[in-house]
**Q** 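After the structure tokens below, expect a handful of questions from me.
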Amino acid sequence: MKTNKARRGVYLLPNILTTFGLFSGFFAIILATKGQYSEAAIAIFVAMLWDGLDGRVARLTNTQSEFGEQYDSMADMVSFGVAPALLMYFYLFEGLGKVGWIGAFVYVAAGSLRLARFNTQIGVQDKRYFQGLPSPAAAALIAGLVWTKEMMGPSAYDEQYLVAGAWIILVSAGILMVSNIRYYSFKEINLKGRSSFKLLLLATLIMIVVSLWPSAILFIFFFVYAVSGLVLTTIEVRNKRALKKQAKKGSK
């Protein structure tokens with residue numbers, strides 16, 4: 001006999017949005033193999049858009065499910081784990097031999113570990129913060145770098161600095177994903193409630209600024225976000241040490 005869970009099936013709307021995100025990530029890989037690097041980077045950002053929508057739609061429509069959570073993780077692995085690594089590999093690392101594909105694999109492995117850890121902490125972790133750099137943000141950092149470089153065109157420093165710098169950024173993004181560094185999640189922002197007109201105006205201005213040079217602005221934003229976790233964690237560690245010192249002095 002079939003169980004009640006089997007009869008219920010799956011929620012259609014959020015899982016369709018997840019499928020759109022999965023397709024965008026898969027399409028990014030196809031574009032990267034064809035040498036269409038800017039388009040591949042844009043496809044990763046489109047996958048981020050769908051990834052942000054599916055979760056919010058599921059919460060707003062009360063259609064969250066364990067199946068949806070697992071499916072979303074599988075889609076994220078393709079869009080934000082495999083796609084950015086292959087994009088960077090085909091763009092800059094293909095001629096590096098083992099060093100190139102090892103760097104790409106470190107990122108993919110870190111992405112899979114990050115998603116596995118996230119799944120085990122659902123319902124337990126503080127919703128205000130992520131433990132480790134979120135995989136969509138890491139993917140956006142890599143995609144933004146490639147997109148910006150493509151928009152800038154060739155330069156005299158390509159051979160000397162670009163490949164080494166990109167390799168360091170890719171591996172560092174992977175390390176940050178599996179680290180214990182905390183990142184603000186922005187989940188406390190209430191999009192359903194009323195807000196001031198100034199906030200709407202600010203959002204409009206941000207959209208205008210991003211549209212002027214989207215590749216560079218997005219890369220800078222996610223680079224700052226990646227660094228922000230390091231700053232936030234450093235401040236917290238210092239504050240805890242200061243409190244411990246004060247407690248020791250008070251106990252004497």
Side-chain angles (χ1 to χ4, degrees), residues 5-6 8-34 36-90 104-125 127 130-147 170 173-174 176-178 183 185-187 191 218 222 225-226:
K5 288 185 177 181
R8 283 203 297 265
V10 298
Y11 293 112
L12 189 60
L13 182 58
N15 290 306
I16 284 179
L17 298 177
T18 302
T19 303
F20 288 163
L22 175 60
F23 173 79
S24 298
F26 175 76
F27 192 50
I29 296 173
I30 298 298
L31 291 171
T33 60
K34 293 183 177 181
Q36 297 175 256
Y37 305 118
S38 294
E39 292 82 355
I42 293 171
I44 291 174
F45 281 109
V46 172
M48 285 184 61
L49 177 63
W50 292 121
D51 181 64
L53 284 176
D54 64 2
R56 290 191 177 275
V57 167
R59 288 189 289 271
L60 289 173
T61 58
N62 196 26
T63 54
Q64 295 168 283
S65 66
E66 185 177 351
F67 173 86
E69 291 173 352
Q70 298 302 321
Y71 183 37
D72 183 66
S73 290
M74 298 301 101
D76 287 355
M77 185 60 214
V78 174
S79 300
F80 311 131
V82 178
L86 289 181
L87 170 59
M88 186 64 82
Y89 176 78
F90 287 124
F105 176 74
V106 167
Y107 180 90
V108 173
S112 63
L113 291 170
R114 168 73 175 82
L115 291 168
R117 182 176 66 180
F118 178 81
N119 286 346
T120 61
Q121 295 177 339
I122 293 176
V124 178
Q125 185 175 317
K127 291 184 177 181
F130 292 117
Q131 184 180 357
L133 181 65
S135 56
L141 179 65
I142 304 306
L145 173 62
V146 173
W147 190 11
L170 183 70
L176 288 175
M177 279 194 286
V178 295
Y183 287 87
S185 68
F186 300 101
K187 290 184 178 181
L191 298 177
L218 289 171
F222 285 103
Y225 180 69

**Q** Could you tell me the separation between the CD1 atom of Ile29 and the OG atom of Ser79, rounded to the nearest 0.5 Å?
**A** 8.0 Å
**Q** Which is it for Asn15 and Phe67 under the side chain to side chain contact (heavy atoms under 4.5 Å, CB included) test, yes or no, and what are the steps along the way?
**A** CA-CA 9 Å; Asn15 290 306; Phe67 173 86; 3.8 Å; yes
**Q** Are any of the side-chain heavy atoms of Val108 and Met77 separated by less than 4.5 Å?
**A** yes
**Q** Mind running side chain to side chain contact (heavy atoms under 4.5 Å, CB included) on Met177 and Phe130 for me, showing each step along the way?
**A** CA-CA 10 Å; Met177 279 194 286; Phe130 292 117; over 6 Å; no
**Q** Given side chain to side chain contact (heavy atoms under 4.5 Å, CB included), test Met74 with Leu115 step by step and report yes or no.
**A** CA-CA 9 Å; Met74 298 301 101; Leu115 291 168; over 6 Å; no
**Q** Between atom CG of Leu87 and atom CD of Gln36, what is the distance when rounded to the nearest 0.5 Å?
**A** 12.0 Å
**Q** Would you compute the distance between atom CG of Leu86 and atom CG of Leu31 and round it to the nearest 0.5 angstrom?
**A** 12.5 Å
**Q** Taking atom CZ of Phe118 and atom CD of Glu69, what is their separation to the nearest 0.5 Å?
**A** 8.0 Å
**Q** Taking the side chain from Arg117 and the backbone from Gln131, do they hold a donor-acceptor pair closer than 3.5 Å?
**A** yes
**Q** Would you confirm whether Tyr183, through its side chain, and Ala226, through its main-chain N or O, come within 3.5 Å as a donor-acceptor pair?
**A** yes
**Q** Out of curiosity, Ser65 OG to Asp72 CG, how far, rounded to the nearest 0.5 Å?
**A** 10.5 Å
**Q** Can you name the residues that form a ring pair (Phe, Tyr, Trp, His ring centres under 6.0 Å) with Tyr89, not counting sequence neighbours?
**A** none
**Q** Please check if any side-chain donor atom of Thr18 sits under 3.5 Å from a side-chain acceptor atom of Asp54, or the reverse.
**A** yes
**Q** Hey, does Tyr107 have a side-chain heavy atom less than 4.5 Å from the side chain of Met88?
**A** no
**Q** Nearest 0.5 Å, please: how far is CG in Asn119 from CD in Gln70?
**A** 5.0 Å
**Q** Which heavy atom of Phe80 sits nearest to which heavy atom of Ser135, and what is that distance?
**A** CB-O, 3.6 Å
**Q** Going by side chain to side chain contact (heavy atoms under 4.5 Å, CB included), name the residues that satisfy it together with Ser24, two or more places apart in sequence or in a different chain.
**A** Val46, Ala47, Trp50
**Q** What pair of heavy atoms forms the shortest contact from Thr63 to Thr61, and how long is it?
**A** OG1-OG1, 2.8 Å
**Q** In the structure I gave you, are the side-chain heavy atoms of Glu66 and Tyr71 within less than 4.5 Å of one another anywhere?
**A** no
**Q** Provide the closest heavy-atom pair for Ala173 versus Leu141 in the form atom of the first, atom of the second, distance.
**A** CB-CD2, 4.4 Å
**Q** With a 6.0 Å cut-off (strictly less than), is the heavy-atom count around CZ of Phe27, excluding the residue itself, greater than 12?
**A** no
**Q** Going by side chain to side chain contact (heavy atoms under 4.5 Å, CB included), name the residues that satisfy it together with Ile16, two or more places apart in sequence or in a different chain.
**A** Leu12, Phe20
**Q** Shortest non-hydrogen contact from Ala140 to Met48?
**A** CB-SD, 3.4 Å
**Q** Looking only at non-hydrogen atoms, find the nearest pair between Phe45 and Ala143 and report the distance.
**A** CE1-CB, 3.8 Å
**Q** Which heavy-atom pair separates Ala110 from Gly174 by the least distance, and what is that distance?
**A** CB-O, 3.1 Å
**Q** Verify side chain to side chain contact (heavy atoms under 4.5 Å, CB included) between Ile44 and Trp147, making sure each step is shown before the conclusion.
**A** CA-CA 11 Å; Ile44 291 174; Trp147 190 11; over 6 Å; no
**Q** Could you check whether atom OH of Tyr225 has more than 12 heavy atoms from other residues, nucleotides or ligands sitting under 6.0 Å from it?
**A** yes
